[in-house]
Amino acid sequence: MTNPQIAAALEELAVLYQLDGADRYRVLAYVNSARTIRSEGSSVEEMAKNGTVTSLPGVGKTLEEKIIALVETGEIPAAAKLKEKLPAGLIEMNRIPGLGPKTVRRLHDELDVSTLDELKAAAEAHEVSAMKGLGPKQEANIVEGIERLQAEPEGPERKRLDEILPIAEELVEILREHASCEEAEIAGSVRRLTDTCKDVDLIATSESPKELATHIAGGKPVASAGKPSETGVRLETHTGVGVDVRIVEPDAFGNLLQHFTGSAAHNERLRAIAVKEGLHVSENGVLDDKTGKTDLFKTEKEVYKRLGYDYIEPELREQRGELEAARDGKLPKLISRQDIKGDLHCHTTLSDGHDTLEEMAEAAQELGYEYLAITDHSASHGFGDHVTPDRLWQRIEEVSRYNEGNAKSKKNFRLLAGSEVNIGTKGELDYEDDLLDALDWVIASIHTSFSKDEKKMTSRMIAAIENPLVDCIGHPTGRLLNKRDPYPLNIGEAISAAFESGTLFEINSNPQRRDLNDIHARMAADAGVGIVINTDAHRAETLSYINYGIATARRAWLGPDQVLNTGEWWK
DNA sequence: GCCGTTTTCGGCCCGACTGTTTTCAGTCG
């Protein structure tokens, strides 16, 4: 059972407890433990079985028991029991925006409704607005919410960062162009550069906030807008992205930016620690119990300093140890775009790429790189764009001639002859050893047979890792964001094997992949596995995807020393 | 349900908004 599956089961139990009227802090304990488990790199199932799961923060004796029952029997007894008592429809009702567990429970008890259809019928018969504390607006909201839920049962999909970032940047420019706008920034998960984002948070300072809110509401990308107010406005773009714009007075810009950048978990921990020191942190400032005074700060750096921390980069604010590190002066120096000296994974017209070897080389030099590995697909790629051994031998010659030409003109740039070879179902590669040996650089990737079980996939992967001719594993888990789950793989075992054999792992920068992800990349680097950040570009323009890979590396706490293509070509 | 330099019980982050109410509970981020 994967960590996200365990987390989902605990979240469901939290909702069930909530509907059952449990103490809110008990509910919170389940929500928090689910969050911890979701961002844990090691297998929580294994931790539960070997008795170490209580080492996770927020997981105690009771949760340990429940997790063990879950991984052994597939369900948590307490959840099964509550499900007998509370119809499944109640969990669905809880997903109606604006409707929480308290109201859902009252609707069930007082109107005897157990399904979405029954609730909708009751609302349409105006039974809801007849209840104490509920009125016509709630009733209309319920009908609308049910219709939306039935049309789109999964709820709105989170957008990938590359789909949402350009919109956020366009909107923040529209804020900045207004005369009354002093400062405007992207906040929220977009600023933390997460893989996917639910919506866009923008913050700004202005002496005429309502005017600024009205201005952004009339922006070109905006399809609809709520009522602009003194504190901001809520928008929806033509592409269906929700946008929250928050505006405050200029003096509190640092507090506001810190607050709305999140993550929620980071801020909750930050505030909990502050309370012990008599400080209360919010978007409106830092209140000191001793003096009764609230301090406002123009920059985030000052906010963190006031609370006793070094400045924490947004990508690190995920409640993964960054607060402790910032207090002890032990935050890592993160990698940045300027550190990257070359790209070690791209495709040309030889296989399925759009541009020629020369065009890719040209683009790499424009990015200031010193080297670029040409890694077209291998002999069994299929789709009519496989590369035969003969053709790859020729390609090695072409690369060599290109480099000779460059040497004459004294350019500090070279191409590397490489390949992205397929890992077969038993871990075998699809070129002969002498050809692989003649290449400068070999990436091995899994492109077929994703549905084998974890044991088979792991041993297949480890066979490739242990092959001395393999330099690097490409997109190691095979996921496609919002499209395809990672194949089953024991990442911990793969990391150990890679460390033993000196094989590198790739962070694939394609924004649909970002694979390794932040959690696994941090795990691999902590275990001493070398990381390379590649784009897997299939055309010259997409060499710029490197920024997404760097974002993942930063979220993984990586510095330039842990990423090999920050130095000159080493082989 | 978890946790501990306010320790084994009594706390547990913060504020805005909404819809319903005349002071607030519930929901959300």
Side-chain angles (χ1 to χ4, degrees), chain A residues 10 13-37 53-67 76 78 93-107 128-142 145 187-190 192 197-203 226-227 229-234 242-248 252 255-256 258-287 289 294 303 307 319 323:
Chain A
L10 294 174
L13 182 54
V15 174
L16 286 165
Y17 274 137
Q18 236 176 344
L19 289 167
D20 197 40
D23 172 69
R24 53 190 284 245
Y25 293 107
R26 188 160 155 233
V27 173
L28 202 60
Y30 285 90
V31 173
N32 285 338
S33 66
R35 190 152 61 189
T36 303
I37 287 166
V53 74
T54 52
S55 67
L56 294 172
V59 178
K61 221 50 210 152
T62 307
L63 268 151
E64 178 183 40
E65 267 174 41
K66 291 194 158 77
I67 294 167
I76 304 172
M93 289 177 202
N94 199 53
R95 293 179 53 212
I96 298 170
L99 214 56
K102 291 246 164 64
T103 316
V104 167
R105 189 59 201 264
R106 278 192 60 209
L107 291 165
V128 172
S129 57
M131 283 168 65
K132 191 172 161 55
L134 296 175
K137 289 213 171 160
Q138 282 274 27
E139 195 165 71
N141 173 59
I142 285 170
S189 58
V190 182
R192 302 198 312 279
C197 308
K198 184 163 77 70
D199 56 14
V200 173
D201 289 297
L202 300 177
I203 63 158
K227 200 166 160 241
S229 75
E230 298 294 325
T231 58
V233 64
R234 169 87 189 170
V243 183
D244 263 323
V245 183
R246 299 287 308 240
I247 308 170
V248 287
N255 304 88
L256 186 71
Q258 195 285 323
H259 179 85
F260 279 101
T261 296
S263 65
H266 171 88
N267 282 350
E268 280 165 27
R269 173 107 177 117
L270 176 89
R271 291 192 286 257
I273 295 170
V275 165
K276 291 185 181 145
E277 292 156 10
L279 300 169
H280 303 271
V281 185
S282 79
E283 63 267 49
N284 303 321
V286 179
L287 168 66
D289 280 340
T294 298
V303 176
L307 299 171
Q319 169 52 5
L323 287 164

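Values below: all heavy atoms of this structure, side chains included; hydrogens, waters and symmetry mates excluded.
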**Request:** Kindly give the heavy-atom pair with the smallest separation between A:L10 and A:S33, and that separation in Å.
**Result:** CD1-OG, 3.8 Å

**Request:** Would you mind reading off the distance between A:L287 atom CG and B:dG15 atom C1', rounded to a whole angstrom?
**Result:** 13 Å

**For B:dA25, the Watson-Crick or wobble counterpart (both distances under 3.5 Å)** = B:dT18

**Prompt:** With a non-hydrogen cut-off below 4.0 angstrom, is A:S33 in contact with a base, only sugar-phosphate, or nothing?
**Reply:** nothing

**Request:** Take atom C1' in B:dT22 and the same atom in B:dG11, then report the distance between them in whole Å.
**Result:** 33 Å

**Prompt:** Below 4.0 angstrom from OP1 or OP2 of B:dG1, is there any side-chain N or O of A:Y30?
**Reply:** yes

**Request:** Select base, sugar-phosphate, or nothing to describe what A:E268 touches, counting heavy atoms under 4.0 Å on all strands.
**Result:** base

**Prompt:** How long is the line joining CD1 of A:I247 and P of B:dC17, in whole Å?
**Reply:** 12 Å

**Request:** Give one of base, sugar-phosphate or nothing for A:K61, where a contact means two heavy atoms less than 4.0 Å apart.
**Result:** sugar-phosphate

**Asked** Is A:R26 positioned over the aromatic face of A:Y17, cation under 6.0 angstrom from the ring centre and no more than 45 degrees off axis?
**Response** yes

**Spacing of the C1' atoms in B:dG10 and B:dT6 (rounded, Å)** = 11 Å

**Asked** Where the side chain of A:L63 is defined as all heavy atoms beyond and including C-beta, which of B:dG15, B:dG1, B:dC13 is the nearest nucleotide?
**Response** B:dG1

**Request:** For the pair A:D20 (side chain) and A:A22 (backbone), establish whether a donor and an acceptor sit closer than 3.5 Å, ignoring hydrogens and angles.
**Result:** no

**Prompt:** Any idea which heavy atoms bring A:S282 and A:H259 closest together, and the distance?
**Reply:** C-ND1, 4.3 Å

**Message:** Considering every strand and a 4.0 Å limit on heavy-atom distances, what is the contact class for A:A264: base, sugar-phosphate, or nothing?
**Reply:** nothing

**Message:** Do A:L307 and A:V286 have side chains that approach each other closer than 4.5 Å (heavy atoms only, starting at C-beta)?
**Reply:** yes

**Asked** What interatomic distance, in whole Å, is found between P of B:dC3 and the corresponding atom of B:dT8?
**Response** 16 Å

**Item:** Straight-line distance of A:D244 CG to A:D201 CG, nearest 0.5 Å
**Value:** 5.5 Å

**Request:** Specify the residue among A:A29 and A:N267 whose closest nucleotide of DNA chain B lies further upstream toward the 5′ end.
**Result:** A:A29

**Asked** So does A:T231 get a side-chain nitrogen or oxygen closer than 4.0 Å to the phosphate oxygens (OP1/OP2) of B:dC17?
**Response** yes

**Request:** Would you mind classifying the nucleic acid contact of A:V27 as base, sugar-phosphate or nothing, using non-hydrogen atoms under 4.0 angstrom?
**Result:** nothing

**Item:** Sidechain-backbone polar pair: A:N141 side chain, A:P97 backbone, donor-acceptor under 3.5 Å
**Value:** yes

**Request:** Could you check whether A:L134 gets within reach of a base, just the sugar-phosphate, or nothing at all, counting any heavy atom under 4.0 Å?
**Result:** sugar-phosphate

**Message:** Would the distance check show the side chain of A:T261 and the main-chain N or O of A:Q258 forming a donor-acceptor pair, the cut-off being under 3.5 Å?
**Reply:** no

**Request:** Specify the separation, in whole Å, of atom CD1 of A:I273 and atom P of B:dC3.
**Result:** 14 Å

**Request:** Name the closest nucleotide to the A:A272 side chain, picking from B:dC13, B:dT20, B:dG1.
**Result:** B:dC13

**Distance, C1' atom - from B:dT7 to B:dG15, rounded to whole angstrom** = 31 Å

**Prompt:** Distance only, no hydrogens: is a donor on one side chain within 3.5 Å (strictly under) of an acceptor on the other, for A:N267 and A:Q319?
**Reply:** no

**Fill in**
Going 5' to 3' through nucleotides 23-29 of chain B and flagging B where a protein heavy-atom sits under 4.0 Å of the base, S where only the sugar-phosphate is that close, and - otherwise, we get ---SSSS

**Request:** Look at the side chain of A:P136 and decide which nucleotide, out of B:dC14, B:dG1, B:dT20, has an atom nearest to it.
**Result:** B:dT20

**Message:** Of the listed nucleotides (B:dC2, B:dT20, B:dA16), which one gets closest to any side-chain atom of A:Q138?
**Reply:** B:dT20

**Prompt:** Atom CG of A:D23 and atom C1' of B:dG10: how far apart are they, to the nearest Å?
**Reply:** 12 Å

**Request:** Quickly work out the A:Y25 OH to B:dG4 C1' distance and round it to whole Å.
**Result:** 17 Å

**Distance, rounded to the nearest Å, where A:N32 contributes CG and B:dC12 contributes P** = 15 Å

**Prompt:** Whole-Å distance between B:dT6 C1' and A:K276 NZ?
**Reply:** 10 Å

**Gap in Å between the two P atoms, one belonging to B:dC14 and one to B:dT20, rounded** = 30 Å

**Item:** Between B:dC9 and B:dC17 - C1' atom distance, rounded Å
**Value:** 35 Å

**Asked** Rounded to the Å, how far apart are A:L270 CG and B:dG15 C1'?
**Response** 15 Å

**Request:** Using the C1' atoms only, state how far B:dG1 lies from B:dT5, rounded to an integer number of Å.
**Result:** 23 Å

**Request:** Would you mind calling B:dT7 syn or anti? Take O4'-C1'-N9-C4 for purines or O4'-C1'-N1-C2 for pyrimidines, and syn is within 90° of 0.
**Result:** syn

